[in-house]
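Report on the following structure.
Reminder, nothing fancy here: chain letters follow the sequence lines and each chain counts from 1.
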2 protein chains.
Amino acid sequence: MTTIRDVAKAAGVAPSTVSRVLSGSSRISPATQERVRAAVAKLNYYPNAIARSLAGRATHTIGIVIARPAQQALANPFFPELMRGVGTCLQGRNYNLLLSMTGSPAEERTACMRMVHHRQVDGVILTSSRTHDRLIDELMAEEFPFVLVGRADDQLPVNWVNNDNAAVGAMAVEHLISRGHRRIGLIAGPPDLTVTIDRRRGFEETLARAGLPLTPKHQVNGAFTKEGGYRGMGQLLSQPEPPTAVFCTDDAMAVGALMALKERDLVRQVAVVGVNDDPLTALIDPSLTTVRIPVFELGNTAAQILVDQLRGVVQGPRQVILPSQLVVRESTNWTLA
Amino acid sequence: MTTIRDVAKAAGVAPSTVSRVLSGSSRISPATQERVRAAVAKLNYYPNAIARSLAGRATHTIGIVIARPAQQALANPFFPELMRGVGTCLQGRNYNLLLSMTGSPAEERTACMRMVHHRQVDGVILTSSRTHDRLIDELMAEEFPFVLVGRADDQLPVNWVNNDNAAVGAMAVEHLISRGHRRIGLIAGPPDLTVTIDRRRGFEETLARAGLPLTPKHQVNGAFTKEGGYRGMGQLLSQPEPPTAVFCTDDAMAVGALMALKERDLVRQVAVVGVNDDPLTALIDPSLTTVRIPVFELGNTAAQILVDQLRGVVQGPRQVILPSQLVVRESTNWTLA
DNA sequence: AGAAGTAGTGCAATCGCTTGCCGGAAGGTT
DNA sequence: AACCTTCCGGCAAGCGATTGCACTACTTCT
């Protein structure tokens, strides 16, 4: 291993001088800079990141913990896309990404605090969006930099990035209403997730605004899975007066819902809207109308906020809402007779 | 920040003793251990990972670089699933995962060598499977630990994990033959990837073994994308005597191929097999027959091999082949008249 | 001409932990 | 009783960088 000392020797200067040249900071004469750079090139020197971190009291690494139960893991490309966003931002800003994958949300806290306590990262990105989370309290208590993605908490003075989930629900319902539907059902995800809460809110407010009744029997909850959607649709269809259109708060559920319809030969009778724009939902039959969430941008922005804070560019907490977009396909693209 | 010195003071011992207790290594009397542990608990002490790395000359981190052009990124769940495998292994063995995402394979080398040169990781997992890769030469030259996944190079004494891609091609073709097909086409991925080469080999060998002719006109190459498959199928269908069955070396391509068939109303006329068992391929119409690659296991095994090597558990290079599995669905589940 | 700046470098402490080596105490051998 | 082992645990030297401070030449000012 060639160290900074070797370079210093080769260039006939002190290690501190090499360090200064490399960090581009202080006033070192052009001549000396030249000599140092030549030595660096000649010896093929790369500063040891670990040593640099220790001395500089900063790891230049941010952590992200992905809590995904194996089953849900595949169901949607949310995390890969999010990480692409995060990674893209970080790459350009010379930060590293330390990834921790855990099976359950329960382990998430442990995994995250491990990173934090061991000082492996300068900040973390949190993706699990439970309504209340002890993890957040702990991070706040330790004043450790972090940013929430996919969750908006107006009460807490913390960084977050989110899409407007209420608008997601609203867009979906407005679209269905415009297609002539009056009895609109809801298949929602786990009720304690803020995404669920927000999307349902948009759903309900829009119904109310349109003067349509809220029918509790037309609302069911399930897991963010195909099976959840399948069962949910089954429940809705067993009602005396079933909905003619259903808003599913997730694509996987919407796909399950469509399966239930197919089995009963009701495809063109009940409209379905999903959320996420999972790439393959365009390919199923019928292709799925869905609301596209800007996942890449979510990750990218989150990383940006965190890095800005670490660099001291910004002070207070930043909170960003990114717009979603309705994508109309076959599953709703017809008008109720 | 509480340091090892604080703990030492609180326990009335030297820092070295604390270190020894924590690393569980040397002979420290139970009484002292008890006192140290108590102090650790009381002060809520966590060793600084950076300092530990510097002193211990090991980062306990392995690197993985994901080179995915944005477009392909979404198309298949290969990487997330791979990383789940890697992550699961690493978590149990107390290793960290440093992730670098790059857009193009070209940047892959740079990104990887950056990690290596800066000594941020103890070893790396390589996923891009170009036939020849300068990156591999560089790593070998520096004697840096690494493992290849999704690629088998019998020439080089390096670690790798792969599924048997020749068997993948063979299974697909055998299945098609068993369904009565005689004119079997191939839509293959980029010709310089080893996966492409191996799968094609299995394809061709099986045809030969069955005494069926190799028809060059029935073989086309394309990108690992829906569009690639769509165009590929278009080309095959424009032949005078088109194939009655097509093996696509990737699910995304197979989906594209099915789209081309649908447009021409040829779904039940031409059988299609894909590779990967992308979860949503079960949901498209017709559902896709495919060969499931053990992606999770691939990642898991790769990580295992690397960690074992880093820990000095094993010596020479290890090379592992994991079995794939045919999943029959609607796209082939009929017999040629 | 002497005082006061200023620019360009080097010295050495420091970051928090690991580990080789050494020494004291306790117990075991002749 | 003198001598060896063995067991514990401390000392101090690193690991490879960063950075505050000091020091030496020059300029520049009065």
So does B:Asp122 get a backbone contact from the side chain of B:Thr59, meaning a donor-acceptor N/O pair under 3.5 Å? yes
Would you say D:dG9 has OP1 or OP2 under 4.0 Å from some side-chain N or O of B:Thr32? yes
Just N and O in the side chain of B:Tyr46: are any of them under 4.0 Å from OP1 or OP2 of C:dG16? no
N/O (side chain, B:Arg57) to phosphate O (OP1/OP2, C:dT18) under 4.0 Å: no
Rounded to whole Å, the CD-P distance (A:Gln33 to C:dG8) equals 9 Å
Measure the distance from CD1 on B:Ile4 to P on D:dG9 and round it to the nearest whole Å. 15 Å
Just compare C:dA7, D:dA17, D:dG9 and give me whichever is closest to any side-chain atom of A:Pro47. D:dA17
Between P of C:dG16 and CZ of A:Arg52, the distance in whole Å: 18 Å
B:Ile50 has an atom CD1; how far is it from atom P of C:dT18, in whole Å? 13 Å
Should the ring pair A:Tyr46 and B:His118 be called parallel, tilted or perpendicular, given that the plane angle runs from 0 to 90° and is split at 30 and 60? perpendicular
Whole-Å distance between D:dC7 P and B:Arg20 CZ? 15 Å
How many angstroms lie between CZ in B:Phe146 and CG in B:Leu135, if you round to the nearest 0.5 Å? 8.0 Å
For C:dT18, take OP1 and OP2 only and decide whether either is under 4.0 Å from a side-chain N or O of B:Ser19. yes
Rounded to the Å, how far apart are B:Arg35 CZ and D:dG10 P? 8 Å
Rounded off to whole Å, could you give me the CG-to-P distance for the A:Leu54 and D:dC15 pair? 14 Å
Residue closer to the 5' end of DNA chain D, B:Ala51 versus B:Pro30 (nearest nucleotide): B:Pro30
Please determine whether a side-chain nitrogen or oxygen atom of B:Ser29 lies at a distance below 4.0 Å from atom OP1 or OP2 of D:dG9. yes
Would one find a side-chain N or O of A:Ser16 under 4.0 angstrom from OP1 or OP2 of D:dT19? no
Backbone N or O of A:Ile321 within a donor-acceptor pair of the A:Asn162 side chain at under 3.5 Å? no
Nearest listed nucleotide, side chain of B:Arg5, among C:dC21, D:dA17, C:dC17: C:dC17
Side-chain atoms of B:Ala14 come closest, of D:dG10, D:dA17, C:dC17, to D:dG10
Output for pair (B:Glu138 CD, B:Arg109 CZ), nearest 0.5 Å, gives 4.5 Å
Would you mind classifying the nucleic acid contact of A:Val13 as base, sugar-phosphate or nothing, using non-hydrogen atoms under 4.0 angstrom? sugar-phosphate
From CZ of A:Arg27 over to C1' of C:dG10, roughly how many Å is that when rounded to an integer? 12 Å
